[in-house]
**Student:** 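Dumping the structure here so I can ask a few things about it.
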Amino acid sequence: MNYSAVRAIYLFELARTWRTLFQSIASPVLSTALYFIVFGGAIGPRMQPIDGVPFAAFIVPGLILLAVLTESVSNASFGIYLPRFTGTIYEILSAPVSAFEVLLGFVGAAATKSVLLGLIIFATARLFVSFELVHPFWSFGFLVLISVTFALFGFILGLWADGFEKLQIIPLMVISPLTFLGGTFYSIDMLPPLWRNVALFNPIVYLVDSFRWAFYGIAAVGPAISLALTLTMLVTCIVVVVVIFKTGYRLRT
């Protein structure tokens, strides 16, 4: 294992965050803060508690994941696509660095950014909403697991994309709608039976549900099922990456 190479890629990608601080951190935090102001401050007091949790506090886990999922995919996909687009990927290919080490560097950096973003949004939420964590260890564990899973998915997207449009389409047209429809602002138990069954086909439902359970100890699906699905998604992404590299795919443009 070339730890120096992994560390160099990791630190370079983290440095890109500070160079684009407004886009990487400030923009998603500001957007999420607006949700807290509108839905938590203005609408929240007029809403009934959901499963005993005030509405303003109920939406906190979903809003954190809304930002984390989108940014995990975007950071990892842009991180590997930009070197391919600009041609600087050849500097990595000419170095004694394996594909696995490149994967560790890019995915590790993207996941770290997402975890950091989630923690910042969590701290921001405390400025608008009063709540206490029931399972702090599990909440952080789920945050890390989800960040790594979707950073891996973003890395795959960055390998697949041959244009900036393809980088944008999955986060904007797939992940964001699924997150909004995945119980961010409501419990799926509030839906009619037919639509509740339809919602169970949405994988984001299980992520939001497990994260909300870690916050408040309430779950519409069950933390064990949600954890199993999240691990399945992680393993699937790992298998896809392995298949991509085993079939002779190269990182070049």
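Values reported hereafter were calculated over all heavy atoms of this structure, with side chains retained and with hydrogens, waters and symmetry mates removed.
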**Student:** Quick one: side chain to side chain contact (heavy atoms under 4.5 Å, CB included) partners of Leu104, sequence neighbours excluded?
**Tutor:** Met1, Val6, Phe100
**Student:** Keeping Ser210 on the side-chain end and Leu207 on the backbone end, is there a donor-acceptor pair under 3.5 Å?
**Tutor:** yes
**Student:** Is a side-chain N or O of Ser139 found less than 3.5 angstrom from the main chain of Pro136, in a donor-acceptor match?
**Tutor:** yes
**Student:** Between the main-chain N or O of Leu181 and the side-chain N or O of Tyr186, is there a donor-acceptor pair closer than 3.5 Å?
**Tutor:** yes
**Student:** Any donor-acceptor pair under 3.5 Å linking the side chain of Asp51 with the backbone of Ile218?
**Tutor:** no
**Student:** Can you tell me if CD1 on Ile169 sees more than 12 non-hydrogen neighbours from other groups inside 6.0 Å?
**Tutor:** no
**Student:** Within the distance-only criterion (no hydrogens, no angle test), does the side chain of Ser72 pair as donor or acceptor with the backbone N or O of Phe150 below 3.5 angstrom?
**Tutor:** no
**Student:** Spell out, yes or no, whether Phe131 and Val134 are grouped together once hydrophobic residues are joined by side-chain heavy atoms under 4.5 Å, including indirect joins.
**Tutor:** no
**Student:** For Tyr206 and Leu227, run side-chain contact (heavy atoms from CB on, under 4.5 Å): C-alpha distance rounded to whole Å, both residues' side-chain angles, the deciding distance at 0.1 Å, then the answer.
**Tutor:** CA-CA 8 Å; Tyr206 300 89; Leu227 177 60; over 6 Å; no
**Student:** Considering all heavy atoms of both residues, which atom of Thr236 and which atom of Thr232 are nearest to each other, and what is their separation?
**Tutor:** OG1-O, 2.7 Å
**Student:** Is there a donor-acceptor pair under 3.5 Å between the side chain of Ser114 and the backbone N or O of Ala110?
**Tutor:** yes
**Student:** Evaluate the criterion side-chain contact (heavy atoms from CB on, under 4.5 Å) for residue pair Leu117 and Ile64; output intermediate values, then yes/no.
**Tutor:** CA-CA 9 Å; Leu117 176 63; Ile64 292 176; over 6 Å; no
**Student:** So do the side chains of Ile188 and Val221 get within less than 4.5 Å of each other, counting heavy atoms only?
**Tutor:** yes
**Student:** Any chance you could measure Ile170, atom CD1, to Ser74, atom OG, to the nearest 0.5 Å?
**Tutor:** 11.0 Å
**Student:** What are the two closest non-hydrogen atoms of Leu14 and Ala109, and how far apart are they?
**Tutor:** CD2-O, 3.9 Å
**Student:** List the atom of Ile80, the atom of Gly158, and the distance in Å for their closest heavy-atom pair.
**Tutor:** CG2-CA, 3.6 Å
**Student:** Quick check: are there more than 12 heavy atoms from other residues, nucleotides or ligands sitting under 6.0 Å from CZ of Phe140?
**Tutor:** no
**Student:** So if you build clusters from Ile, Leu, Val, Met, Phe, Trp, Tyr with side-chain heavy-atom gaps below 4.5 Å, do Leu11 and Phe78 land together?
**Tutor:** no
**Student:** To check you understand the geometry: which heavy-atom pair defines the closest contact between Ser147 and Val68, and what is its length?
**Tutor:** OG-CG1, 3.5 Å
**Student:** Report yes if some heavy atom in the side chain of Phe215 is under 4.5 Å from a heavy atom in the side chain of Phe122; otherwise report no.
**Tutor:** yes
**Student:** If we only count heavy atoms from C-beta on, is the Thr112 to Tyr10 side-chain gap below 4.5 Å?
**Tutor:** yes
**Student:** Could you tell me whether a side-chain N or O of Asp209 sits under 3.5 Å from a main-chain N or O of Ala220, the two making a donor and an acceptor?
**Tutor:** yes
**Student:** Would Ile146 and Leu69 count as a side-chain contact (heavy atoms from CB on, under 4.5 Å) here? Give the steps.
**Tutor:** CA-CA 8 Å; Ile146 292 170; Leu69 297 182; 3.3 Å; yes
**Student:** Any sub-3.5 Å donor-acceptor pair from Arg212's side-chain atoms to Phe58's backbone N or O?
**Tutor:** yes
**Student:** Does Val240 reach the side chain of Phe153, with side-chain heavy atoms less than 4.5 Å apart?
**Tutor:** no
**Student:** Looking at residues at least two apart in the chain, or sitting in another chain, which of them share a side chain to side chain contact (heavy atoms under 4.5 Å, CB included) with Leu116?
**Tutor:** Trp18, Ile120
**Student:** What's the verdict on side-chain contact (heavy atoms from CB on, under 4.5 Å) for Leu65 and Thr184, showing C-alpha distance, side-chain angles and the deciding distance?
**Tutor:** CA-CA 9 Å; Leu65 284 193; Thr184 297; over 6 Å; no
**Student:** Would you indicate whether the side-chain heavy atoms of Pro203 and Thr230 approach each other to under 4.5 Å?
**Tutor:** no
**Student:** Salt bridge check: are Arg7 and Glu101 linked by an N-O gap of less than 4.0 Å?
**Tutor:** no
**Student:** For residues Leu143 and Leu119, determine if any side-chain heavy atom of one lies less than 4.5 Å from a side-chain heavy atom of the other.
**Tutor:** yes
**Student:** With the 4.5 Å side-chain cut-off for hydrophobic clustering, are Val208 and Phe201 part of the same group?
**Tutor:** no
**Student:** Using the rule that Ile, Leu, Val, Met, Phe, Trp and Tyr join whenever any side-chain heavy atoms are under 4.5 Å apart, tell me whether Leu178 and Met190 fall into a single cluster.
**Tutor:** yes
**Student:** Is there a side-chain contact between Ile225 and Leu229 in this structure, where contact means two heavy atoms from C-beta onward sitting under 4.5 Å apart?
**Tutor:** no
**Student:** Could you label the plane-to-plane angle of the Phe142 and Trp213 rings as parallel, tilted or perpendicular, counting under 30° as parallel and over 60° as perpendicular?
**Tutor:** perpendicular
**Student:** Check whether any side-chain heavy atom of Phe55 sits under 4.5 Å from a side-chain heavy atom of Val129, and report yes or no.
**Tutor:** no
**Student:** Which atom names give the shortest non-hydrogen contact between Val205 and Ala199, and what distance separates them?
**Tutor:** CG2-O, 3.3 Å
**Student:** For Ile204, is there any backbone N or O sitting under 3.5 Å from a side-chain donor or acceptor partner on Asn202?
**Tutor:** yes
**Student:** What distance do Ile156 atom CD1 and Cys237 atom SG have between them, rounded to the nearest 0.5 Å?
**Tutor:** 4.5 Å
**Student:** I need the Phe106 CZ to Phe12 CZ distance, nearest 0.5 Å.
**Tutor:** 8.0 Å
**Student:** Might you point out which heavy atoms bring Phe185 and Ile50 nearest each other, and give the distance in Å?
**Tutor:** O-CD1, 4.5 Å
**Student:** Return yes if some donor-acceptor pair links the side-chain N/O of Lys113 with the main-chain N/O of Glu13 below 3.5 Å, else return no.
**Tutor:** yes
